[in-house]
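These notes concern the structure reproduced below.
Please read all numbers here as calculations on a predicted model, not as lab measurements. Start at 1 and go down the list; that is how both ligands and their atoms are numbered. Counting begins at 1 with the first residue of the sequence.
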Amino acid sequence: MNRKQMLAVLLAVCLCTFVGYNAGRTTAERKAAEARETLQQLNRDSIAGMSAEGTIYVIGHRSPDSDTVCSAMAWARLLSMLGYEAEAAITMPVNNETKYILEQAGAETPEELIDAAGLSIFLVDHSEYAQAAEGMAEAHIVGILDHHGVGSVSTGHQIVYDARPIGSTATIIWLDYLNYGLDIDRQTAYLLLGAVLSDTNNLTGTTTTEADRRAVPALAELAGVEDPDALYAVLHAEALSYDGTEDTEILFSDYKEYEAHGIKFGIGLVNALDEEIAADLAERMKTALAESFDTRNVDLMYASVGIRENGEKIDYIVPANAYSEQILKDAFPDYDEYNGTAYIFRTGLGRKTKFVPGLTDYLGTYPHD
Ligand SMILES: [Mn+2]
């Protein structure tokens with residue numbers, strides 16, 4: 001063999017190795033893609049047994065927040081992509097923060113659903129009749145997508161029921177778009193991003209998980225949002241803008257009712273920028289609670305005014321009356337301070353993580369008829 005021939009053989013060997021290697025890689029890749037597509041198809045098929053009749057109304061809780069509204073919209077869109085007739089709805093007008101997200105996303109505000117009775121309903125972000133639209137007990141529930149505890153909504157037939165211990169319902173929906181192999185359009189990405197940022201307090205909330213942390217940059221890219229932190233700052237300012245809002249409107253802007261061991265209680269969340277504003281808002285909530293208590297069918301009522309600073313959370317809890325106050329003190333004797341209006345918890349008393357579970361536990365041991 002001369003030099004030229006040797007070089008040719010060497011080149012041929014190299015070429016064969018390269019081609020062979022790539023053919024192998026392509027086969028492996030093709031197999032992986034096929035397996036992924038099969039899995040996505042199976043995931044899509046897994047909800048096909050939904051017993052929906054007519055339009056499926058996708059709806060979140062009363063006193064709608066951004067997660068509830070945007071999740072309803074993104075899930076209705078996903079169901080539509082799968083061929084269902086689905087429409088997002090709301091229980092009450094949206095708050096300032098949600099209004100901003102909808103405007104920026106270029107999305108129409110969903111219609112208000114006055115009465116759910118007799119309709120096919122897919123619940124998002126709650127599973128509690130006390131938090132649901134009117135007539136929900138007579139509705140045909142086809143599914144629940146949530147990140148809270150199991151509520152009172154119940155049904156005998158098969159439903160889609162997916163609840164996960166993560167930061168927002170919007171994150172579950174982002175995961176489902178991936179699991180189902182569906183593209184997320186810019187508008188839906190913006191809605192989901194706003195919802196995740198809002199519900200996790202920009203990924204600082206105690207219920208935040210790795211899934212939420214991964215959702216934010218992925219959705220931001222799809223939504224064309226360069227700086228999610230800056231977007232959150234705007235959302236936070238919108239959420240705190242109570243200017244021109246009546247005290248009772250503030251109390252009910254993020255208000256939820258619960259029932260435990262036969263006792264009904266309601267908790268309204270209010271956000272404040274600093275402690276001075278929190279103390280002022282607590283005073284205003286004391287009046288609003290006194291005015292509103294008799295209008296709601298509850299045994300206990302509270303306002304929780306929260307301040308969030310550098311990942312730290314301080315909550316000012318304002319009871320509506322003497323009975324609510326007594327139960328609060330008994331259930332949470334470790335409060336840090338009482339300022340004459342509010343019981344102050346300097347390490348936070350999160351509604352979902354501590355307040356509701358703590359009250360529920362206490363009411364279970366509390367002697368009552
Ligand atoms: Mn939520």
Listed partners of Asn271 passing side-chain hydrogen bond (donor to acceptor under 3.5 Å, both in side chains), at least two apart: none
Under 2.8 Å from the Mn ion (ligand 1), the protein N, O or S atoms, given as residue and atom: Asp67 OD2, Asp125 OD1, His147 NE2, Asp199 OD2
Verdict with supporting geometry, Asp299 and Lys264, salt bridge (Lys or Arg N to Asp or Glu O under 4.0 Å): CA-CA 5 Å; Asp299 303 294; Lys264 289 183 178 168; over 6 Å; no
Aromatic contact, Phe355 with Phe332 (centres under 6.0 Å): yes
Asp334 atom CG, over 12 foreign heavy atoms within 6.0 Å: yes
Passing option when Arg351 is tested against Asp254, Asp65, Asp315 for salt bridge (Lys or Arg N to Asp or Glu O under 4.0 Å): Asp254
Residue of the set Thr171, Asp212, Asp199 for which side chain to side chain donor-acceptor pair (under 3.5 Å) holds with His147: Asp199
